[in-house]
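The structure under discussion appears below in the form of structure tokens.
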Amino acid sequence: MIDKAEKVVIMITGTILALFVFSILYAKTKYKSDIPECLPYDKAYTEPKVNKIDEKTYQVFAVAQMWTFQPAEIYIPVGSEVDFFLTSKDVVHGFNIAQKNINMMAIYGTINKTTVRFDKPGVYDIVCHEYCGAGHQNMRAQVIVNYPKAK
Ligand SMILES: [Cu+2]
């Protein structure tokens with residue numbers, strides 16, 4: 001037999017859980033915030049680089065480590081779609097592009113992936129928003145969209 005008070009607690013818990021799931025799905029559609037994917041670990045992603053797939057499609061293998069992001073400057077043309085593959089070489093770091101509503105974690109031994117479209121020219125700051133040690137506040141990188149010298 002379930003006590004009446006227990007039933008109430010189960011109902012409240014279920015409602016709150018449903019609310020959480022709903023708010024994630026709502027944010028995904030309404031604000032087009034992408035839920036990051038987690039890929040199987042592959043050492044290839046630990047080598048920082050920018051791959052140009054075609055004129056408007058890029059891959060960035062972003063590697064976080066105390067206390068830098070590599071590559072530190074990413075030059076792309078306006079309208080580009082960028083797949084970020086993110087990993088860490090040591091502790092847990094954050095990966096935040098505030099202007100693009102991107103919020104990821106860089107974790108040793110895992111690859112997190114998200115896709116971002118850069119439709120407006122400008123400089124987009126990537127900052128670490130997970131305290132990772134003495135040099136944390138200096139940990140940043142930039143996506144430079146339509147920089148005059150962009151290749
Ligand atoms: Cu940090």
Side-chain angles (χ1 to χ4, degrees), residues 12-151:
I12 293 170
T13 311
T15 308
I16 292 170
L17 264 179
L19 204 70
F20 285 161
V21 172
F22 172 79
S23 55
I24 291 170
L25 296 176
Y26 183 78
K28 188 172 163 59
T29 48
K30 173 91 192 262
Y31 302 106
K32 299 199 169 42
S33 69
D34 234 343
I35 297 166
E37 294 171 61
C38 195
L39 304 183
Y41 184 68
D42 188 323
K43 252 195 147 54
Y45 294 110
T46 61
E47 200 57 52
K49 66 171 88 146
V50 179
N51 290 332
K52 183 176 179 177
I53 307 298
D54 63 41
E55 286 309 311
K56 295 274 156 110
T57 316
Y58 290 79
Q59 284 182 332
V60 174
F61 293 1
V63 179
Q65 62 182 312
M66 289 181 215
W67 288 279
T68 57
F69 286 109
Q70 297 290 336
E73 289 179 336
I74 301 156
Y75 293 92
I76 53 165
V78 77
S80 296
E81 199 163 83
V82 182
D83 287 332
F84 286 97
F85 299 85
L86 175 67
T87 191
S88 166
K89 285 203 166 168
D90 38 48
V91 300
V92 173
H93 298 279
F95 185 93
N96 175 252
I97 310 176
Q99 292 136 290
K100 281 285 159 190
N101 207 16
I102 299 300
N103 180 341
M104 284 205 290
M105 297 267 100
I107 303 161
Y108 180 82
T110 73
I111 312 296
N112 285 324
K113 182 198 168 205
T114 195
T115 304
V116 191
R117 241 189 110 81
F118 293 92
D119 280 323
K120 287 188 191 134
V123 177
Y124 296 80
D125 286 319
I126 300 170
V127 298
C128 176
H129 63 314
E130 180 71 37
Y131 183 71
C132 56
H136 166 67
Q137 71 283 356
N138 302 321
M139 207 175 149
R140 50 179 62 243
Q142 289 181 323
V143 181
I144 297 145
V145 181
N146 245 36
Y147 188 75
K149 275 192 256 171
K151 291 154 224 156

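All values below come from the heavy atoms of this structure, side chains included, with hydrogens, waters and symmetry mates left out. Read the numbers this way: they start at 1 and go in the same order the structure lists the ligands and their atoms.
With respect to T87, the side chain to side chain contact (heavy atoms under 4.5 Å, CB included) criterion is satisfied by exactly one of I107, I111, D42, L39: I111. The side chain to side chain contact (heavy atoms under 4.5 Å, CB included) with F95 is formed by just one residue from the set N112, N103, L86; it is L86.
Partners of E73 under the salt bridge (charged side-chain N to carboxylate O under 4.0 Å, His left out) rule, at least two apart in sequence or in another chain, do not exist in this structure. Applying the salt bridge (charged side-chain N to carboxylate O under 4.0 Å, His left out) rule to K49 yields no partners; only residues at least two apart in sequence or on another chain are considered.
Protein N/O/S atoms closer than 2.8 Å to the Cu ion (ligand 1), listed by chain and residue number, are C128 SG, E130 O, C132 SG, H136 ND1.
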Without placing hydrogens or testing angles, list every side-chain donor-acceptor pair under 3.5 Å for residues 61-68, not counting sequence neighbours.
from	atom 1	to	atom 2	distance (Å)
W67	NE1	C132	O	3.2

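The backbone N or O of V60 sits nowhere less than 3.5 Å from a side-chain atom of Y58 that would complete a donor-acceptor pair.
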